[in-house]
Amino acid sequence: MENERVVSGMRPTGKLHLGHYHGVLKNWIDMQHQYDCFFFIADWHALTTHYETPENIPDHVTQLMIDWLAAGISPNHATMFVQSDVPQHAELHLLLSMMTPLSWLERVPTYKDQKENLKERDLGTYGFLGYPLLQSADILIYKANQVPVGEDQVVHVEMTREVARRFNHFYGQEAGFEDTCEAAISKMGKKNAKMYRNLRRAYQEKGDTEAIEVAHALLESQQNITIGDRERLYGYLEGISKIILPEPDAKLTKASKLPGLDGRKMSKSYNNTIDMREEADSLTQKIKKMPTDPARMRLTDPGDPNKCPVWQFHQAYTDEKTHEWVKEGCTSAGIGCIQCKQPVIDSVQAELDPIRERAKQYENNHDYVKSIIHQGGEAARDIAAETMQDVIEAMRFSHT
Ligand code: TRP
Ligand code: SF4
């Protein structure tokens with residue numbers, strides 16, 4: 001849908017590499033043209049694990065923003081900002097923490113895993129336990145419909161759905177709710193009212209989820225009802241409470257097909273990365289040093305591309321004709337490995353040329369980068385403040 005809202009974030013932990021570019025950023029670049037996108041740098045999330053050295057985080061924030069801009073995410077299409085510039089994330093996190101059962105956080109698999117794996121850090125903190133709930137606040141504060149994430153993050157989005165449901169259940173109830181809804185339905189006119197009732201029945205009696213979608217579209221197109229009524233009627237479709245915080249869907253990002261230089265997953269901890277801003281010389285050297293099929297000790301030994309990480313780079317970077325040339329040349333020992341690597345080097349260089357070029361411009365103009373961050377924060381705060389108003393009102397927690 002055109003006006004669906006997308007929210008996603010990244011922790012500022014250092015330079016991005018081609019795994020991030022092919023896995024996450026290219027996907028964001030596509031989405032920014034299709035949806036109302038909010039992309040933010042989760043600096044508070046970085047603090048949950050790096051609380052001993054917070055002074056390093058701001059520099060990573062700037063560098064991450066430069067990586068995003070250089071990759072082609074544009075402030076003209078997406079709202080790009082920094083989490084800590086929008087205090088409403090923290091405010092909503094606090095309120096949600098009051099009603100979130102401790103067991104929901106304790107059972108999140110990333111919690112136990114990471115706590116045990118990252119033994120060099122003490123992660124027995126309140127903040128680290130609350131990590132997924134802060135993430136829920138990040139998403140719900142923008143009433144996001146879709147959250148593009150990698151596989152490991154899907155459970156966090158699932159928990160976010162549960163938190164939203166619980167919030168709506170507690171605070172979406174109002175006296176005379178059904179009467180108010182019935183009155184709102186009548187305001188839509190006879191035909192639409194009948195359609196709404198039929199769709200509601202189809203969902204409630206038969207669990208027809210398509211009916212829900214049609215009903216949502218129907219509600220979107222209504223001009224005669226107030227925003228409050230629309231929210232009630234969304235909720236009334238499914239139950240008897242109003243929807244203040246909609247449940248987001250996780251949109252699983254396909255893992256990048258590009259492996260690291262050694263054929264394993266590209267990751268800083270394996271020391272097998274090509275950075276998005278890798279210098280040309282260093283890039284050439286890295287690919288030249290890539291391991292190949294171990295059976296090809298000498299130029300005259302035939303090889304098997306399927307046992308060679310360079311072949312996976314060919315698949316990501318070169319055309320069909322080159323693939324034939326590799327298969328034929330490798331298995332017949334007709335080409336050497338250095339020769340085989342050259343087209344890969346050329347295409348990766350060609351991919352990185354414009355990225356490096358743009359990154360240089362931003363590196364030389366930090367003020368401009370800061371102004372983008374500043375404007376993004378302002379736009380994000382406006383939306384976040386609206387949600388906070390709805391939240392406070394639903395909780396009837398305002399004393400003014
Ligand atoms: N936890 C995410 C990660 O480590 C980053 C993140 C924080 C995020 N808040 C978010 C992602 C909200 C999506 C939506 O990758
Ligand atoms: Fe790998 Fe190419 Fe060498 Fe074959 S010729 S082993 S595919 S680098």
Side-chain angles (χ1 to χ4, degrees), residues 5-13 16 20 23-24 27-28 31 37-50 64 81-84 86 89-90 92-93 108 110-111 113-114 128 130-142 144-160 163 248-253 261 263 287-315 318 322-345 380:
R5 184 165 293 155
V6 166
V7 170
S8 200
M10 238 187 235
R11 282 173 305 142
T13 51
L16 296 190
H20 298 116
V24 183
N27 184 35
W28 287 11
M31 290 185 116
C37 288
F38 285 70
F39 298 130
F40 71 97
I41 297 178
D43 56 346
W44 278 328
H45 277 93
L47 211 49
T48 62
T49 48
H50 292 66
L64 183 54
F81 62 99
V82 179
Q83 184 183 34
S84 65
V86 189
H89 290 229
L92 183 58
H93 175 224
V108 171
T110 45
Y111 175 64
D113 290 356
Q114 292 222 37
F128 187 67
Y131 185 112
L133 191 64
L134 179 56
Q135 186 164 350
S136 300
D138 298 337
I139 297 166
L140 297 175
I141 197 76
Y142 301 105
N145 311 99
Q146 287 191 46
V147 187
V149 282
E151 201 156 8
D152 60 322
Q153 298 289 313
V154 173
V155 284
H156 295 171
V157 182
E158 289 296 321
M159 197 193 84
T160 303
V163 169
D249 285 318
K251 190 160 191 290
L252 189 63
T253 312
L261 290 161
I287 298 178
K288 281 194 170 157
K289 283 192 205 130
M290 272 179 79
T292 59
D293 177 358
R296 290 208 75 182
M297 303 268 281
R298 276 173 300 259
L299 196 59
T300 48
D301 296 328
D304 176 358
N306 293 315
K307 296 185 180 139
C308 176
V310 178
W311 175 236
Q312 284 168 274
F313 272 65
H314 269 291
Q315 281 168 321
T318 65
T322 314
H323 296 172
E324 288 309 315
W325 171 77
V326 173
K327 274 192 272 186
E328 158 63 24
C330 180
T331 52
S332 67
I335 58 171
C337 290
I338 291 291
Q339 207 181 345
C340 175
K341 287 171 173 177
Q342 195 55 50
V344 170
I345 295 176

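When a ligand or atom number is given, it counts from 1 through the structure's own listing order. In what follows, residues are counted from 1 in the order of the sequence shown.
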Hey, is there an N, O or S on Cys308 sitting under 2.8 Å from atom 4 (Fe) of ligand 2?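 Coordinating: no.
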
Can you confirm whether the side chains of [X] and [Y] place a donor and an acceptor under 3.5 Å from each other?
| X | Y | answer |
| --- | --- | --- |
| His323 | Thr318 | yes |
| Gln83 | His45 | yes |
| Thr110 | His156 | yes |

I need the nearest protein heavy-atom contact for [atom]: residue, atom name and distance, please.
| atom | answer |
| --- | --- |
| atom 2 (Fe) of ligand 2 | Cys340 SG, 2.4 Å |
| atom 4 (Fe) of ligand 2 | Cys330 SG, 2.3 Å |
| atom 9 (N) of ligand 1 | Asp138 OD2, 2.7 Å |
| atom 13 (C) of ligand 1 | Gly9 N, 3.5 Å |
| atom 8 (S) of ligand 2 | Thr292 CG2, 3.6 Å |
| atom 12 (C) of ligand 1 | Gln135 CG, 3.5 Å |

Considering only heavy atoms of [X], which atoms of ligand 1 have at least one such atom less than 4.0 Å away?
| X | result |
| --- | --- |
| Phe40 | 9 (N), 10 (C), 12 (C) |
| Tyr131 | 1 (N), 2 (C), 3 (C), 4 (O) |
| Val147 | 13 (C), 14 (C) |
| Val149 | 13 (C) |

Report yes if some heavy atom in the side chain of [X] is under 4.5 Å from a heavy atom in the side chain of [Y]; otherwise report no.
| X | Y | result |
| --- | --- | --- |
| Tyr111 | Tyr131 | no |
| Asn306 | Trp311 | yes |
| Pro343 | Trp325 | yes |
| Val149 | Leu252 | no |

Could you tell me whether His156 and ligand 1 have an N or O pair separated by under 3.5 Å?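 Not met; the criterion fails.
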
Is any N or O atom of Arg11, backbone or side chain, closer than 3.5 Å to an N or O atom of ligand 1?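 N/O-N/O distance below 3.5 Å exists for this pair.
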
Is Arg296 close enough to touch ligand 2? Criterion: a residue heavy atom under 4.0 Å from a ligand atom.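 Under 4.0 Å: yes for Arg296.
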
Can you list the ligand 2 atoms lying under 4.0 Å from a non-hydrogen atom of Asp293?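 Heavy-atom distances to Asp293 below 4.0 Å select 6 (S).
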
With backbone taken as N, CA, C and O and side chain as the heavy atoms from C-beta onward, which portion of Gln153 lies under 4.0 Å from ligand 1: side chain, backbone, both, or neither?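 Side chain only; the backbone of Gln153 stays clear of ligand 1.
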
Heavy-atom distances under 4.0 Å decide this one: backbone, side chain, both or neither, for Cys337 against ligand 2?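 Contact part for Cys337 vs ligand 2: both backbone and side chain.
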
Closest approach of [X] and [Y], non-hydrogen atoms and distance?
| X | Y | answer |
| --- | --- | --- |
| Arg5 | Asn145 | N-OD1, 2.7 Å |
| Val86 | Ala380 | CG2-CB, 3.9 Å |
| Pro248 | Val157 | O-CG1, 4.1 Å |

Phe39/Tyr142 aromatic ring centres below 6.0 Å: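 Judged by ring-centre distance (under 6.0 Å), Phe39 and Tyr142 do not meet the cut-off.
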
Suppose we only count N/O/S atoms under 2.8 Å; would His314 qualify as near atom 2 (Fe) of ligand 2?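 No, since none of the N, O or S atoms of His314 sits under 2.8 Å from atom 2 (Fe) of ligand 2.
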
